[in-house]
Amino acid sequence: MFDFFSGFLKDVIKDGLTYLMDTLSGKLLDLVLNPTSSMDGIDLSSVNSSIQGIAISYCCFKFAKKLFSIYVLWTDGDSENPPHILVINFIKSLALILTFSSLYEYFIKVIQDVGTVIYESIKTIPEGENPVEKLLPEDQTFGFFFLLVILIGIVIYLITWFSCMKSGVLLLVLKIGFPFVASGVMDTNGGMFASYLPKFLQMAFTVIVKVSLLKLGLLLLLTGNPLWAIVALSAGAAVAEMLKEFMLVTSGGGFGGRLSSMAMLLGNLRRMGK
């Protein structure tokens, strides 16, 4: 009876590892950064256009309200500040709303280039070799505990895979909501816009690290290191909290300083990805 369960568990593990190799691990980074590419029949372009139109209307309303509140009612902000500062910030907000789709595509391209370099640097199994058969040959028996640990690793891999996809969807939500946040440029403290850009970077780096750990965990499973695989895959859950500690800090320097710092960082990352 024990041998029967061990044999059954071995077959389940072999099928599971083969499925992970052939299906879930293929082009994972592109799938996470562009989740709509695999959503058959789903087109969010009309949603983005609608939100952009609403955001422009909201931005204009906010600008008019601020002009009236500051320079007529004197109830909001410092009326001694020259009006042209508010006008310039209003133009910046509109520019961000109108150009963000293009900026986001460039942002994703940079992150994808960097992630691809890291992902591909994690060595894969030699071509033409079947790692599943090498790990679990037919003519060899294995301990029940060893097989159970590998099965646990496969389950954790699936959990981490869904976590990666969740991060990709959250990044998509941040993209859709950005036009509304861009109007925060007109606020003295930057409003929600001040923390939105660091949140983008945090989520993007979270995706890169999680996908890299996912590949590392699969390779550790295929090379007979299930305990290390579980450790590597479990570490992915702590990535977001770890990055939040030093990336979601609102720094000074105003709107221009934040944008120039982000542009410099993206430029450096783009050069790393080449």
Side-chain angles (χ1 to χ4, degrees), residues 24-25 27-39 42 44 47-48 51-52 55 96-97 99-119 122 157-185 190-217 232-251 255 257-270 272-273:
L24 296 187
S25 61
K27 297 182 179 179
L28 181 61
L29 185 62
D30 180 65
L31 186 64
V32 173
L33 293 177
N34 301 285
T36 54
S37 62
S38 62
M39 298 178 183
I42 300 297
L44 297 180
V47 176
N48 292 328
I51 289 179
Q52 187 181 70
L96 281 172
I97 293 172
T99 63
F100 180 70
S101 293
S102 300
L103 293 174
Y104 181 80
E105 290 179 6
Y106 176 77
F107 170 78
I108 289 298
K109 183 67 170 63
V110 172
I111 295 300
Q112 195 164 17
D113 288 345
V114 176
T116 300
V117 171
I118 298 174
Y119 188 81
I122 301 174
Y157 180 96
L158 291 172
I159 294 173
T160 307
W161 187 86
F162 280 110
S163 178
C164 286
M165 297 304 297
K166 178 182 176 182
S167 297
V169 172
L170 290 176
L171 197 61
L172 182 64
V173 170
L174 287 175
K175 173 195 174 185
I176 293 174
F178 184 88
F180 292 112
V181 180
S183 60
V185 173
M192 287 191 296
F193 184 81
S195 59
Y196 219 75
L197 290 180
K199 186 64 178 179
F200 259 112
L201 285 176
Q202 182 225 352
M203 192 60 65
F205 279 111
T206 297
V207 167
I208 291 176
V209 176
K210 280 186 175 181
V211 170
S212 300
L213 289 175
L214 204 61
K215 183 177 182 181
L216 178 61
L233 292 170
S234 300
V239 169
E241 289 299 320
M242 181 181 66
L243 292 177
K244 187 189 298 184
E245 292 295 327
F246 61 91
M247 293 193 74
L248 292 184
V249 178
T250 304
S251 57
F255 168 80
R258 284 190 293 272
L259 269 190
S260 61
S261 299
M262 185 175 181
M264 185 181 299
L265 177 58
L266 288 178
N268 292 335
L269 289 174
R270 186 63 182 270
M272 287 171 54

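Predicted model, so just to flag it, every value in this text is computed and none were measured.
Ile111 CD1 to Ile208 CD1: the interatomic distance, rounded to the nearest 0.5 Å, is 4.5 Å. Here the straight-line distance linking atom OH of Tyr157 with atom NZ of Lys215 works out to 10.0 Å at 0.5 Å rounding. Note that CG of Leu103 and CD1 of Ile108 are 12.0 Å apart. Values are rounded to the nearest 0.5 Å. Rounding to the nearest 0.5 angstrom, the gap separating the OH atom in Tyr196 from the CG atom in Leu174 is 4.5 Å. Rounded to the nearest 0.5 angstrom, Leu172 CG and Tyr104 OH are separated by 6.0 Å.
The side-chain heavy atoms of Ser212 and Leu216, taken from C-beta on, include no pair separated by under 4.5 Å. Under the 4.5 Å side-chain criterion, counting only non-hydrogen atoms from C-beta, Leu96 is in contact with Val185.
With sequence neighbours excluded, the residues that form a side chain to side chain donor-acceptor pair (under 3.5 Å) with Gln112 are Asp30. When the side chain to side chain donor-acceptor pair (under 3.5 Å) test is applied to Ser167, the partners found at least two apart in sequence or on another chain are Lys210.
Nearest approach of Leu233 to Thr160, heavy atoms of both residues: O-OG1, 3.4 Å. The minimum heavy-atom distance between Gln52 and Ile97, with the atom names listed, is NE2-O, 3.0 Å. Among all heavy-atom pairs drawn from Cys164 and Leu214, the shortest one is SG-CD2, 4.2 Å.
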field: side chain to side chain contact (heavy atoms under 4.5 Å, CB included) evaluation trace for Met165 with Val169
entry: CA-CA 6 Å; Met165 297 304 297; Val169 172; 5.7 Å; no
